[in-house]
Amino acid sequence: MEKTVKERIRDVIKKALVDDPFFSKIDERDISILPSVREEFGEFYTNLAFRMADAANKSPQKAALLLKEKIISLSPNFIEKIEVKNGFINFFLKKEVYLGLLSEILKSGTSFGHLGIGKGRKVLIEFVSANPTGPLTIAHGRQAAFGDSLARILRYAGFEVDREYYINDGGRQIRLLGESLKARYFQLKGEEGYAIPEDGYEGEYLIEIAKEIKDDNVSFEEFAVEHILEEIKKDLRAFGVNFDRWTRESRFLQDKSVEKFLEVLKKEKLLYFADGSWWFKSSAYGDEKDRVVVKSDGSYTYLASDIAYHKDKIDRGYDTLINIVGPDHHGYIPRMKAVVESFGFDPERLRFIVVQLTTLYKGKEKLSMSTRKGQFISLKQLMEEVGPDASRFFFIFRKADSHLDFDLELAKKKSVENPVYYLQYAYVRMKHILKFAEESGIDLLKAQADLSLLKEPEELSIAKKLARFSDTLEGIVNTYGVHLLAEYLLDLAKTFHSYYHRHRVVTNNRELTAARLVLTSALLTVFSKALELLNISLPEEM
RNA sequence: GCGCUUGUAGCUCAACUGGACAGAGCGUUGGCCUCCGGAGCCAGAGGUUGUGAGUUCAAAUCUCACCAAGCGCACCA
């Protein structure tokens, strides 16, 4: 696609600065082009003059004026005017820039906004990775919704993305699970002397699983894990989240890679023996203390298999590894960074996203959850209650690292208060206009649209917001702030509703109608794309 | 006690990573249905960004100290 408006402004500034000694001293990223906060400041502005002022020993205002002159002397054809105020340089762009964008959107269709910035770089997003010891909870649901949307957006931005689920199918928890299932099984058969072990799993779901066991001699561990894993996969599919790869912890134990990589670390002197166990020297890489990898009883800790797992990830050749985890894992981040660094992988390229917990409300009433006794609201129950669209939207429309209040009542409401319905309603409305036009005998494709007829401020406002789609996506790629897309969509929907109420698209004026249909159609294209990236369905009717 | 995250309008949250007078939604107050779907729209009120200092031309954002909430601090996962 063509360059975004932002990039075009940056390009012209770079050109204007090419002979300036200041230019060689800065990084290109220091030229920040920001969207203006107020109309009188144009559509975009830069604060570059403040940075230049120091270097040139001038006032920002003077530096700004100088830069302005340089830019004007290049007479860029897309700029209407440039104003300097208090050192800020404000850009007012020609209306044609935005109108031209509408045709571009129609031409490129669903690939509009597709950024080349990923350049095919490989990214691995590991998320959910819930232990197969029970059904997925809403906490996992939020991670799932977030990870899935992030994957979609990164893919759209030109990255090669794999989604991976890591299955902890070994260790103490699984042993407890097996014992718990065994107890349930023999309890069902009416045999005495079987109790759920201490710290075991008391959830009702194990009773259901136990009912399916036909043979006293099954491996209870395996039976439980496979059953629960199937349920997890089913729930995720229903939620609309698919994984490209499921990796089992047991694999790394079976193929001896845990052993192998611990040997490697031993040779590097990053593993040492003390107090009867083997320690990984994570403190050498900024962790607050060293961590045990082989316990004194000879068994591995979770970290040991994670070392093998992350070495495996690195060897698969990813540029960036993204791990989406819950808040209970944040203490674990430094040691994993230490692990990858010890293998020569830049720890900056291992990114952790901590997704905070969700509190469920029913109106004002707070629903308490306790995983301990198996009383909790599962992802499945949530989906049954409010549906996958609303669930996904509510999960992603807040920053991942802030706590989320999820109101079940609100999510179910079919009114303006519910943002999901607000968006879907806007979508249906756009579709309806185009359908209405078609039925009135106006063929958008054949109509010769003169876009200069779009003169209403609301029309220009829509076009300008469409231009920001790419910037929004770029922002998400840089910050992993998926919620920005939800906000963008709400803003776009609002602008559209507002336009709709002030102006009719389909009128007796055929030329004007044609132009407005182009606008509506371009809007619909971007709108659908954004909804798709959030994995929210596009209803035909409501 | 130490570490991480959070603290912004009555409520739920934004603020493009240090930029101009901090923005939305809900709620509230007051308007708007002959018309492409009123499941919607418009307008108003509402703020010392937890507190106090510091750095900077510029701080919600960075630093430090307090205060408050959540989560971690295992030879658990």
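Every heavy atom of this structure was used, including side-chain atoms; hydrogens, water molecules and symmetry mates were not.
What separates CZ of A:F436 from P of B:C35 is a distance of 11 Å, to the nearest Å. In this entry the distance linking CD of A:E83 with C1' of B:A20 reads 14 Å, nearest Å. Put simply, CD on A:Q61 is 15 Å from C1' on B:A58, counting in whole angstrom units. Protein atom CG of A:L519 is 19 Å distant from nucleotide atom P of B:C36, rounded to whole Å. Distance, A:N509 CG to B:C35 P: 21 Å, rounded to whole Å. Atom-to-atom, CG of A:L34 to P of B:A20 comes out at 9 Å; the value is rounded to the nearest Å. As a whole-Å value, the separation of A:I153 CD1 from B:C16 P is 17 Å. A:F406 places its CZ atom 13 Å from the P atom of B:C13, with the value rounded to the nearest Å.
Here B:U17 is in the syn range [glycosidic angle within 90° of 0]. Base orientation at B:C33 is syn, since its O4'-C1' glycosidic dihedral falls within 90° of 0.
Other residues, nucleotides and ligands contribute over 12 non-hydrogen atoms within 6.0 Å of the NZ atom of A:K266. Other residues, nucleotides and ligands contribute over 12 non-hydrogen atoms within 6.0 Å of the CD atom of A:E456.
Mapping A:L404 and A:Y500 onto RNA chain B by nearest heavy atom places A:L404 at the nucleotide closer to the 5' end. Mapping A:F88 and A:K6 onto RNA chain B by nearest heavy atom places A:K6 at the nucleotide closer to the 5' end.
The same atom, C1', is picked in B:U34 and in B:G27; the two are 33 Å apart, to the nearest Å. Here the separation of B:A24 from B:A15, taken at their C1' atoms, is 10 Å to the nearest Å. The separation of B:G10 from B:U6, taken at their P atoms, amounts to 22 Å, rounded to a whole angstrom. Spacing of C1' atoms, B:A9 relative to B:C26, comes out at 12 Å, to the nearest Å. Nucleotides B:C75 and B:U12, compared at atom P, are 39 Å apart to the nearest Å. Spacing between B:G50 and B:G7 at atom C1', rounded to whole Å, works out to 6 Å. Comparing the C1' positions of B:A58 and B:G18 gives a spacing of 8 Å, expressed to the nearest Å. Comparing the P positions of B:A77 and B:C62 gives a spacing of 35 Å, expressed to the nearest Å.
Ion pairing between A:E226 and A:R248 holds under the 4.0 Å rule for side-chain N and carboxylate O. Between A:E474 and A:K6 there is no salt bridge, since none of the side-chain N atoms of the basic residue sits less than 4.0 Å from a carboxylate O of the acidic one. Salt bridge annotation for A:R175-A:E221: absent, with no cationic side-chain nitrogen under 4.0 angstrom from a carboxylate oxygen.
Shown here are the side chain to side chain donor-acceptor pair (under 3.5 Å) partners of A:S277, two or more places apart in sequence or in another chain: A:W279. The side-chain contact (heavy atoms from CB on, under 4.5 Å) search around A:K85 returns A:E40, A:F41, A:N90, not counting sequence neighbours. Scored by the ring pair (Phe, Tyr, Trp, His ring centres under 6.0 Å) test, A:F92 finds no partners at all (sequence neighbours excluded). Qualifying side-chain contact (heavy atoms from CB on, under 4.5 Å) partners for A:D312, counting only residues two or more places apart in sequence or in other chains: A:R251, A:F252, A:R316.
Distance from the side chain of A:R51 is smallest for B:G19 among the nucleotides B:C13, B:G19, B:A15. Between B:G38, B:U17, B:A15, one nucleotide has an atom nearer to the side chain of A:Y425 than all others, and that is B:G38. Set against B:U5, B:C36, B:G70, the side chain of A:D401 has B:U5 as its closest nucleotide.
OP1 or OP2 of B:C42 sits under 4.0 Å from a side-chain N or O of A:S498. At the phosphate of B:A14, OP1 or OP2 sits under 4.0 Å from a side-chain N or O atom of A:S402.
Using a 4.0 Å heavy-atom distance criterion, A:N47 is classed as a base contact. At a threshold of 4.0 angstrom between heavy atoms, the contacts of A:E474 with the nucleic acid are absent. Here A:R429 lies in heavy-atom contact (under 4.0 Å) with sugar-phosphate atoms only. In this structure, A:V505 reaches the bases: a heavy-atom distance under 4.0 Å links it to at least one base atom across the strands shown. Residue A:P35 is classed as a base contact, given a heavy-atom separation below 4.0 Å to a base.
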RNA chain B base-pair string [pairs: Watson-Crick or G-U under 3.5 Å; |: paired with another strand]: (((((((..((((.....[...)))).(((((.......))))).....(((((..]....))))))))))))....
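Ring centroid separation for the pair A:F397 and A:F393 comes in under the 6.0 Å cut-off. The aromatic ring centres of A:Y309 and A:Y166 sit less than 6.0 Å apart. The distance between the ring centers of A:F91 and A:F44 does not fall below 6.0 angstrom.
Judged as a salt bridge (charged side-chain N to carboxylate O under 4.0 Å, His left out), not a single pair has a partner in residues 293-304 of chain A (not counting sequence neighbours). Legend: side chain to side chain donor-acceptor pair (under 3.5 Å) pairs involving residues 483-500 of chain A, not counting sequence neighbours, sorted by first then second residue: A:R429-A:H497, A:E459-A:Y499, A:K465-A:D491, A:K465-A:T495, A:Y499-A:R516. Screening residues 277-287 of chain A for salt bridge (charged side-chain N to carboxylate O under 4.0 Å, His left out), with sequence neighbours left out, gives A:D287-A:R291.
The aromatic ring of A:Y421 is not stacked on the base of B:A39, since the criterion of ring centres less than 5.5 Å apart with planes inclined by under 30° is not met.
Residues A:F496 and A:I433 meet the side-chain proximity criterion, which asks for heavy atoms closer than 4.5 Å. Looking at A:V428 and A:E540, their side chains never come closer than 4.5 Å, going by heavy atoms from C-beta outward. Here the side chains of A:L534 and A:L489 are in contact, with some heavy-atom distance below 4.5 Å.
Across residues 484-497 of chain A, A:L484, A:E487, A:K494, A:H497 each have a non-hydrogen atom less than 4.0 Å from an atom of RNA chain B (numbered order).
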Polar atom pairs (N or O), protein with nucleotides 61-63 of chain B, under 3.5 Å:
none

Under 4.0 Å protein heavy-atom contacts per nucleotide of nucleotides 72-77 of chain B, with B for base, S for backbone only and - for none: SSSBSB
Nucleotide-resolved protein contact map, nucleotides 43-51 of chain B, B/S/- at heavy-atom distance under 4.0 Å: ---------
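Under the side chain to side chain contact (heavy atoms under 4.5 Å, CB included) rule, A:L485 has a single partner from A:I396, A:L490, A:I153, which is A:I153.
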